[in-house]
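Both backbone and side-chain heavy atoms feed into the values below; hydrogens, waters and symmetry mates do not.
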Amino acid sequence: MDKTKKINLFFKRLNKRDKILTICSALCLVIGIIIGINMLINRFTIVISANGGTIKYGVWEQPRFINPVLSQNNDTDTDLIELVFDGLISLSDNKTFTNDLATQITVSKDEKMYEAQLKDNIVWHDGEPFTSNDVVFTIEMIQDPKNESPLYNIWKNVRIEQVGDYIVRFYLEQPQNNFKQNLTLKILPKHIWANINPRQYLMTEYNLKPIGTGPYKYKKLVKDKTGKIVNIYLEKNQKYFKHTPYINEIIVNFYDDQETAFKALLKGKINLIKEVSYYQKELLKTRKTIVLSQLYLPRYYAVFFNQKNPLFQTPKLMEALDIALNKNKIIQDSLYGEAESLNAIISKQFLGYDSKINKNIYNPAQAKDILANLGYKDANNDKFLEKTIVSGKGKNQKTSTEKLEFTLLVPSINELIQLAQNIKQNWETIGIKINLNIIPLQNIYKDYLKTRNFDAILFGEAYGLTPDLYLFWHSSQITDPGLNITSFSDTNVNKLLEENLSIKDTTIIKNNLITIQKILLTKRPLITLCNPYFLYAKDQNIKGNTINIVNTPSDKFTNIEDWYIYTKRVFK
């Protein structure tokens, strides 16, 4: 009798209860074996990143200069530069810097000289060795005003010295506490660019087919019949000096606009998108396979008031404007809650934040009382305030009516328009007439900011990972091309800003920044609103994007070599 028949005969002799017990016992044995095997696997192996996969990255701005020296305000350029090139140092995931092309950076006692010791085992994507020649060439290319590099003002007064093949020194006229951040500049290959006539810099194909040292290298470019770029293919750099990236390929897909790219994400045609708008966040809530990620940038949105306008020289009036704003509701209604509400300039992720001065007060009733005490009332019942102005004396005395009214300039950006409309509603609730003037972003500078020709403007400013407010609030920056757009001037603020440029003690820098913010809150040349989060989305299988505090959105790719799609188990 074979084994099968013996088992069948055994089961036939069992009653129903014993059969159930026998089956259950067998199942428990099998389950126990499986659990035991899994426990052994988990005990003696670990999950690690594995090679393979492709990122399909959706963007909507055509590239112009994938070139760290020439790129100007183009997000696509900046993204591709981050993927293809390296700097001497780079941002790490804790707001500090880590060495990239450099093995170490040393600073002289007077803090006017930075010496970079370079790695001697790095090659360009075409196989040529990286040396100090490349660093010197890149800086000198920036410093030549004929090249019109947007980085010219940062580097124009820095003297660079080559000390052998793998040492460079940077000499500053004065100490700069944020100079190290400048060393994140991506480096160009001298052996490529030195052979190009400078007159051809803007036209060479290397601006779209770059050669760098970075984790990914240019593979090919695809255009449609009209000459518009459809795709750029990047492949991983097998000789990358940190380690070979896990993800094999990045295909950058170009779309006509952000909406089209977002639809491509929803359909699975791309698995990473450059940016998600705030209202689109709501559409992703039901998409379990798409992960929304936040980036925290050193920036703020505020209403800036032109100090040349006498109306904004009254601190109590400015206080009324401030406490009349329901900032939390404005953020919720305009940005779907994706921002940190602020009373002062610096947000909590960055040096100089102080919770004591960041308490928002919303009190429209008190705002109305302040305005009444300033002599404003609704005399003609049109829901807007005015006051009677008496000028002259005796027979020459004249009276006139001054409406409490001004124009708020708004760049034609959807999120700013939404913010402006809610701000207008809040201010008109307490009787202040607000005229919105919505202007295309490209016209804001030449038509308004350059000449300081505005009452108030809703705008954003970015102050850097090591906050530097000098360009925005020092009185020397009042006239164009300075960025002190409100024409604000204060002797104490000037002194503190100047001191922060030349010291490295972070405690002193922080205290100075807090004092500056307190002065701004007292004199109120601006009303700070919030720090908006930057949102992007990816497929749930793309992992390793651990950096979320960044200087620019492109910094999310700083550790792209650590991103992965697949995993595997190996023995411990």
Side-chain angles (χ1 to χ4, degrees), residues 51-57 59 63-71 74 76-90 98-103 116 118-139 141-142 165-166 168 183-196 200-223 229 231-253 554-564:
N51 292 319
T54 298
I55 287 179
K56 298 177 181 178
Y57 184 42
V59 301
R64 293 191 62 210
F65 302 112
I66 310 172
N67 179 322
V69 171
L70 301 178
S71 177
N74 181 309
T76 299
D77 286 350
T78 309
D79 283 344
L80 289 165
I81 288 168
E82 191 66 45
L83 295 168
V84 173
F85 293 95
D86 287 302
L88 299 182
I89 59 176
S90 66
T98 185
N99 292 326
D100 272 8
L101 297 175
T103 58
L118 308 180
K119 292 184 172 74
D120 60 5
N121 62 340
I122 298 174
V123 295
W124 294 96
H125 293 158
D126 60 0
E128 291 294 315
F130 161 76
T131 71
S132 56
N133 288 321
D134 302 303
V135 180
V136 173
F137 176 83
T138 301
I139 303 303
M141 185 174 172
I142 292 171
D165 289 339
Y166 296 102
V168 288
L183 299 181
T184 60
L185 168 72
K186 309 302 182 185
I187 304 301
L188 285 175
K190 179 180 179 180
H191 69 279
I192 296 293
W193 285 87
N195 294 321
I196 300 171
Q200 303 299 315
Y201 279 166
L202 300 182
M203 294 172 279
T204 176
E205 67 174 4
Y206 287 109
N207 285 320
L208 293 177
K209 300 177 180 180
I211 292 176
T213 57
Y216 284 86
K217 59 182 183 178
Y218 171 83
K219 183 179 180 181
K220 68 176 180 178
L221 177 152
V222 179
K223 295 183 178 181
I229 297 173
N231 310 104
I232 290 180
Y233 288 74
L234 304 176
E235 60 183 349
K236 66 181 178 182
N237 180 3
Q238 298 285 356
K239 297 180 179 180
Y240 192 49
F241 61 91
K242 292 182 181 178
H243 66 76
T244 303
Y246 297 114
I247 296 173
N248 289 340
E249 186 177 48
I250 298 176
I251 304 173
V252 184
N253 296 332
S554 298
D555 288 338
K556 66 179 177 287
F557 290 129
T558 297
N559 71 330
I560 185 66
E561 69 275 4
D562 295 326
W563 291 28
Y564 61 94

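A distance-only check finds a donor-acceptor pair linking the side chain of His125 to the backbone of Gly214 [under 3.5 Å]. In this structure, Asp134 contributes its side chain and Pro189 its backbone to no donor-acceptor pair below 3.5 Å. Looking only at distances, no side-chain donor or acceptor of Thr103 sits under 3.5 Å from a matching main-chain atom of Lys119.
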Problem set entry | side-chain contact (heavy atoms from CB on, under 4.5 Å) evaluation trace for Leu185 with Ile139 | CA-CA 9 Å; Leu185 168 72; Ile139 303 303; 3.5 Å; yes
Exercise. Step by step, would you call Ile560 with Ile250 a side-chain contact (heavy atoms from CB on, under 4.5 Å)?
Worked result: CA-CA 10 Å; Ile560 185 66; Ile250 298 176; 4.2 Å; yes
Exercise. Can you check side-chain contact (heavy atoms from CB on, under 4.5 Å) on Ile81 and Ser71, steps first, answer last?
Worked result: CA-CA 9 Å; Ile81 288 168; Ser71 177; 3.7 Å; yes
Problem set entry | Derivation and outcome, side-chain contact (heavy atoms from CB on, under 4.5 Å), residues Asn207 and Tyr201 | CA-CA 8 Å; Asn207 285 320; Tyr201 279 166; 5.8 Å; no
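Between His243 and Asp562, the closest side-chain pair of non-hydrogen atoms falls below 4.5 Å. Side-chain contact between Asp86 and Ile122 is absent, with no heavy atoms from C-beta onward closer than 4.5 Å. Within the 4.5 Å cutoff, the side chain of Ile232 has no heavy atoms near those of the Leu208 side chain. Contact check for Pro68 versus Leu188: side-chain heavy atoms found under the 4.5 Å cut-off. With contacts defined as side-chain heavy-atom distances shorter than 4.5 Å, the pair Trp193/Thr204 qualifies. Side-chain contact between Ile55 and Leu234 is absent, with no heavy atoms from C-beta onward closer than 4.5 Å. Within the 4.5 Å cutoff, side-chain heavy atoms of Val69 are placed close to those of Thr138. Side-chain contact between Phe137 and Ile187 is absent, with no heavy atoms from C-beta onward closer than 4.5 Å.
Interatomic distance, CG of Asn133 versus NZ of Lys190, reported as 5.0 Å (0.5 Å rounding). A distance of 12.0 Å separates CZ of Arg64 from OG1 of Thr76, quoted to the nearest 0.5 Å. Atom CG of Leu118 is separated from atom CG of Leu88 by 6.5 Å, given to the nearest 0.5 angstrom. With rounding to the nearest 0.5 Å, the separation of CG in Leu183 from CG in Leu101 is 11.0 Å. In this structure, the separation between CD on Glu205 and CD1 on Ile196 is 8.5 Å, given to the nearest 0.5 Å. Tyr166 contributes atom OH, which lies 8.5 Å from atom CZ of Phe130 (distance to the nearest 0.5 angstrom).
Between Phe557 and Tyr57, the ring centre distance stays below 6.0 Å.
Nearest heavy-atom pair, Tyr206 versus Ile211, reported as atom, atom and distance to 0.1 Å: CE2-CD1, 3.9 Å. Taking both residues in full, the closest heavy atoms of Tyr246 and Glu561 are given as CD1-O, 3.4 Å, listed atom of the first, atom of the second, then distance. When every heavy atom of Asn74 is checked against every heavy atom of Pro63, the shortest pair comes out as ND2-CA, 4.3 Å. Considering all non-hydrogen atoms of both residues, Phe65 and Asp77 come closest at N-OD2, 2.9 Å. Here the shortest heavy-atom pairing between Asn248 and Gly52 reads ND2-CA, 3.4 Å. For the residue pair Pro245 and Pro215, the shortest heavy atom distance occurs at CG-O, 3.3 Å.
For the pairing with Ser90, the side chain to side chain donor-acceptor pair (under 3.5 Å) check across Asp555, Asp100, Asn559 returns one residue only, Asp100. Put simply, the residue from Lys219, Lys236, Lys217 that forms a salt bridge (Lys or Arg N to Asp or Glu O under 4.0 Å) with Glu249 is Lys219.
In the model, Thr131 has no side-chain atom that pairs as donor or acceptor with a side-chain atom of Asp165 under 3.5 Å.
Look at Glu82 and Lys556 and you find no salt bridge, because none of the NZ, NE, NH1 or NH2 atoms lies under 4.0 Å from a carboxylate O.
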